[in-house]
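Predicted, not measured: the structure shown is a model, and the values here were computed from it. Both backbone and side-chain heavy atoms feed into the values below; hydrogens, waters and symmetry mates do not.
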Amino acid sequence: MVDQEQDGMLPIANVGRIMKQILPPRAKISKEAKQTMQECATEFLSFVTGEASDKCHKENRKTVNGDDICWALSALGFDNYAQAAMRYLHKYREAERDKAAANNNQNTENIASHGGLQVKEQIQTSNLEFRALEKGDNSLITKP
């Protein structure tokens, strides 16, 4: 029965890993704390995603995108999270554009250096950073 309850929830190992990132190095987290956070985080994601999905449905769209999630966060009163998510989304899209431009430049150089033969290479680099909110602090801090 526990396995059935775990279906549709975030993996508890991932939840524990995220929790440990904000705690002091020697801190311990009980199984009960991890399970509680797992349920809360899963419920929160479902709540926000449901709101974004309703918006898409009203607009006759099938795909929920990052802008919809940011809108839902704001509509539900999570303005601080919405602002942080918008900043992340902007940086993510910027990094994707830069990556696409670098791939286009790399493909052009490969075509020229191989006598006109097209050689496709995939270069995956990301300049994205994980950002977390400190408890009681609205500013963003950078986590490696």
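Remark: E43 pairs with no residue by the side-chain contact (heavy atoms from CB on, under 4.5 Å) rule, at least two apart or across chains.
Of all the heavy atoms in C70 and A82, the pair that sits closest is O-CB, 3.6 Å.
Remark: E96 engages K99 in a salt bridge, criterion side-chain N to carboxylate O under 4.0 Å.
A distance of 10.5 Å separates CD1 of I29 from CD1 of I18, quoted to the nearest 0.5 Å. Going from atom OG of S30 over to atom CD of Q35 covers 8.5 Å, rounded to the nearest 0.5 Å. Note that CD1 of I12 is 8.5 Å distant from CD of E39, once rounded to the nearest 0.5 Å. The NZ atom of K31 sits 10.5 Å away from the CD atom of Q38 when rounded to the nearest 0.5 Å. Of the inter-residue distances, the one linking K28 atom NZ with L23 atom CG reads 11.5 Å to the nearest 0.5 angstrom. How far OG1 of T42 is from CZ of F44: 12.0 Å, rounded to the nearest 0.5 Å.
Note on M19: it clusters hydrophobically with L10, by side-chain heavy-atom contacts below 4.5 Å among ILVMFWY residues. Residues F78 and V64 are members of one and the same hydrophobic cluster, defined by side-chain heavy-atom contacts under 4.5 angstrom among Ile, Leu, Val, Met, Phe, Trp and Tyr. No path of Ile, Leu, Val, Met, Phe, Trp and Tyr side chains, each step under 4.5 Å between heavy atoms, connects L73 with M86, placing them in separate hydrophobic clusters.
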Pairs of donor and acceptor atoms involving the side chains of residues 47-57, under 3.5 Å and at least two apart or interchain, shall be tabulated with distances.
unit_1 : atom_1 : unit_2 : atom_2 : d
T49    : OG1    : L45    : O      : 2.7
K55    : NZ     : E59    : OE2    : 3.2
K55    : NZ     : D68    : OD1    : 3.4

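Counted within 6.0 Å of CE on M37, heavy atoms from surrounding residues, nucleotides or ligands total 12 or fewer; the atom is thus considered open.
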